[in-house]
Amino acid sequence: MPCAPLIPNCHPARPTDLPTSRYNRFTMPIDKKIILQAVQAALIAVIEGNPLVKGLSTFIHEVYKSVGANPDEALKSWDALTDEDFREIVDQLDITAKNTALTAAGITRVEELIHRLGDELRAESARKLQPAVHQLRSVDADFTGRQADLATIRNHIHASNVAITGLQGMGGIGKTQLALAIAHEIKPQYPDAQILIDMQGYTRGKAPLTASDAMADVINSFERDFKRPESDNQLAAEYISVLNGKRCLLLIDNIRDESQLAGLMPPAGCKLITTTRNTGTFSGLDAVRVDVMTEADAVALLEKITDRVKPLAKEIAAACGYLPLALNVTAHALRTRKNITAKDYLRRLNDEERRVKAFDKVHQAIAVSDDLIEDDELRQRWYALAVFPGDFMSFAPAHVWKLDNDDAVYVLSDLMTLSLIEYDEQTGRYKLHDLVRDYVNTKLTPDTRNTAALRHAEQYKNVCLATDRLYKEGGDNILVALNLFDTERHNIDAGFNWSATNTETSDPAAQLCNAYPDAGAYCLALRQHPREWITWLEHALTAARRLKDRWMEGAHLGNLGLAYFDLGETKRAIEYHEQALAISREIGDRRGEGNALGNLGLAYYELGETKRAIEYHKKDLAIRHEIGDRRGEGNALGNLGLAYADLGETKRAIECYEQIFAIFREIGDRLGEANASWNLGDEYRKPGEYFDLSNAIAFMQVSVDFYAELGHPTAEARTAYVAALRQILERVDPKDQPAAIEEATQIYLAARRESVA
């Protein structure tokens, strides 16, 4: 643009006199006076050789930014200037005679600078008014299912008043793919831009980006020649300014901690989605917990990648722990390795050592989190959790770590924050994902593993003791005891198995193996199959003999006799009971002697030697009276009742059962009470002087109700039997009832045998 010759030597107003508000937006071109003032200031700065000036456009940019205008508005204001306007610029330079005039060359230089300013503004406008940036990459082609997860995320995004929605979960869980899927779904609502930034929080070998780095990346997405200021405050202001008034979606992936989000809260109209393994509470973030896939989605993902999994898709999905990364690795391996069948691959997955190799990529992802644990003590405590086969309460790792429970809870909280363990708020229980357990198991040294396993086994032997104490308290505590046993069954089994495996080489292990069966005797009797019980007892017997513990040796022998009795191997049972009786008499264990006598009585009763059985039971009963064992007294009376019933002495049998009922009600043994009720009912259902089917059903129903509460294996058979008796009472002619009852009884006995087979 032409301009009049310039006569300099001037002292105009400095740029500090310009407007400073960055947030008031103009809808009309910038006022001419502002442009003239800016040009004037720029020229003076150049003429005076201001070292801070990099170019004329720097000053004009600051002017239009200071009033919230965009490049196009600045250009319109520039193009509106006339020759007279430029002459006015010169006139306002406030020339004084004290200054030396510019040479002709200097005047030419100023003219060139004015022209260059127009060119730069024109180029800037062209650069900054290009179409919005769209940086979202495609969702993986294998992505499938997860509709429930997407619905949850969608609800958080739309229902939340918070601008940041954070997806939290362990490595390999699929957070980034879910974030991309939801971002593509909602991007029409954010047409100005969709920006994706990997913060490298959990990227091995790369330094995490800072929040300022992310701000600069966002600004650069709009302004390609943006020069990052030295001040983070200026950068933050520029970040807000760039996003202000826009509808932008920011996907900030792979955040390590809250510091990487500091200051990234976008202005109204924008949405920020983050992903992180850190499950801590971040200010301003609405967290969404991402868990493993459902079985149906996991199977669908496997089958989408390859149909070779179809025969065993559910089993393979379970072996992968429903973890998306593991599912992908497995399906792609099956798709490419044609010489390996789904059955062979599943077999490898079920072998721990081979599974570790198969999921090397999964372990690499977990290793990233491992690398970022700054406290080595915390790391070693995480590794020690490998001894837990499933979920657990906080008291158990507290024992393994030798901490009090409150301190253990804080350690668990730290591990949760890093997504290294999972937590169920409803049950209050923690667990490692199966593949995480595989990983940490490889990190334990033999000594560390044995120490952790020993403490784990000690803890769950103590849990067995707790279940027995509760059981003996009677009443509703029987169900509490069984519920505790059922909840911790996997840990109890693991603790015993470790002690049994190490009995020959470790005294502490042998002591635990010796103690386990007796510690949880009552619940174990109701929950273990006789053959499983025998396995435990055989290991415990070996441990007792190694430790030369005669008292426990006798107890294990007696329990082995009971287990074989339950299996119908009565003569073998007698052999064990006689060994137990001999040891009890040798060491003066009167209670053990009574147990052996009573058990021998049951065995001879089973062989049909009822009178011999009665003699054993009477001796047992006498010992129970002598030592004041009310529970044992009740058991002895019950066994006598069975013997009298077998001899047809119904009255004496009923008397025994009534005494038992009173004893067990007195001590709160609901199982003993239920058994006594059943036996009373059984006597009343028999033809003869005491036949009373209505009374029989009433007594038996008490037993049925409790056995159903226990979830006992015979509960279904007992329920069906009582229902059959009720039908007979209501619909069968009294003279035909005995035959009908006998038929129903035989059906019940067969069903009962099958239920415990």
Check [X] against [Y] and note the closest heavy-atom contact, atom names and distance.
| X | Y | result |
| --- | --- | --- |
| Met199 | Ala214 | SD-CB, 3.8 Å |
| Ser394 | Ala408 | O-CB, 4.2 Å |
| Gln177 | Val139 | OE1-CG1, 3.2 Å |
| Ala466 | Leu484 | CB-CD2, 4.4 Å |
| Ala183 | Leu136 | CB-CD1, 3.7 Å |
| Gly711 | Arg527 | O-NH1, 4.5 Å |

Is there a side-chain contact between [X] and [Y] in this structure, where contact means two heavy atoms from C-beta onward sitting under 4.5 Å apart?
| X | Y | result |
| --- | --- | --- |
| Thr176 | Arg137 | yes |
| Arg381 | Glu377 | yes |
| Gln260 | Thr274 | no |

Under 3.5 Å, is there a donor-acceptor pair linking the side chains of [X] and [Y]?
| X | Y | value |
| --- | --- | --- |
| Thr445 | Asp447 | no |
| His490 | Asp391 | yes |
| Asn497 | His539 | no |
| Thr152 | Asp149 | no |

> Quick one: do Asp486 and Arg489 make a salt bridge, cutoff under 4.0 Å?
Replying inline: no

> Could Arg429 and Glu488 be called an ion pair, given the rule that one side-chain N must be under 4.0 Å from one carboxylate O?
Replying inline: yes

> After noting the C-alpha distance and the side-chain angles of Gln380 and Thr448, does the key distance pass the side-chain hydrogen bond (donor to acceptor under 3.5 Å, both in side chains) rule?
Replying inline: CA-CA 9 Å; Gln380 296 304 321; Thr448 304; 5.2 Å; no

> Any idea how Trp536 and Tyr516 line up, ring-wise: parallel (<30°), tilted (30 to 60°), or perpendicular (>60°)?
Replying inline: perpendicular

> Passes salt bridge (Lys or Arg N to Asp or Glu O under 4.0 Å), Lys175 versus Asp253? Steps please.
Replying inline: CA-CA 9 Å; Lys175 302 180 296 296; Asp253 190 31; over 6 Å; no

>> Go through it in stages, so that I can follow the logic: the residues are His556 and Asn514, the test is side-chain hydrogen bond (donor to acceptor under 3.5 Å, both in side chains), and I'd like the CA-CA distance, side-chain angles, deciding distance and then a yes or no.
In response: CA-CA 9 Å; His556 299 326; Asn514 186 33; 2.9 Å; yes

> Rounded to the nearest 0.5 Å, how far does CD1 of Ile421 lie from NZ of Lys431?
Replying inline: 12.0 Å

> side chain to side chain contact (heavy atoms under 4.5 Å, CB included) with Leu385: which of Leu432, Asn441, Val440?
Replying inline: Leu432

>> So for atom CD, which belongs to Glu458, do other residues, nucleotides or ligands contribute more than 12 heavy atoms lying within a distance under 6.0 Å?
In response: yes

> Are Phe388 and Asn491 close enough, and set up right, to give a side chain to side chain contact (heavy atoms under 4.5 Å, CB included), and what steps lead you there?
Replying inline: CA-CA 7 Å; Phe388 290 89; Asn491 283 306; 3.6 Å; yes

>> ring pair (Phe, Tyr, Trp, His ring centres under 6.0 Å) for Phe395 and His399? Distances and angles first, verdict last.
In response: CA-CA 6 Å; Phe395 65 78; His399 187 81; 9.5 Å; no

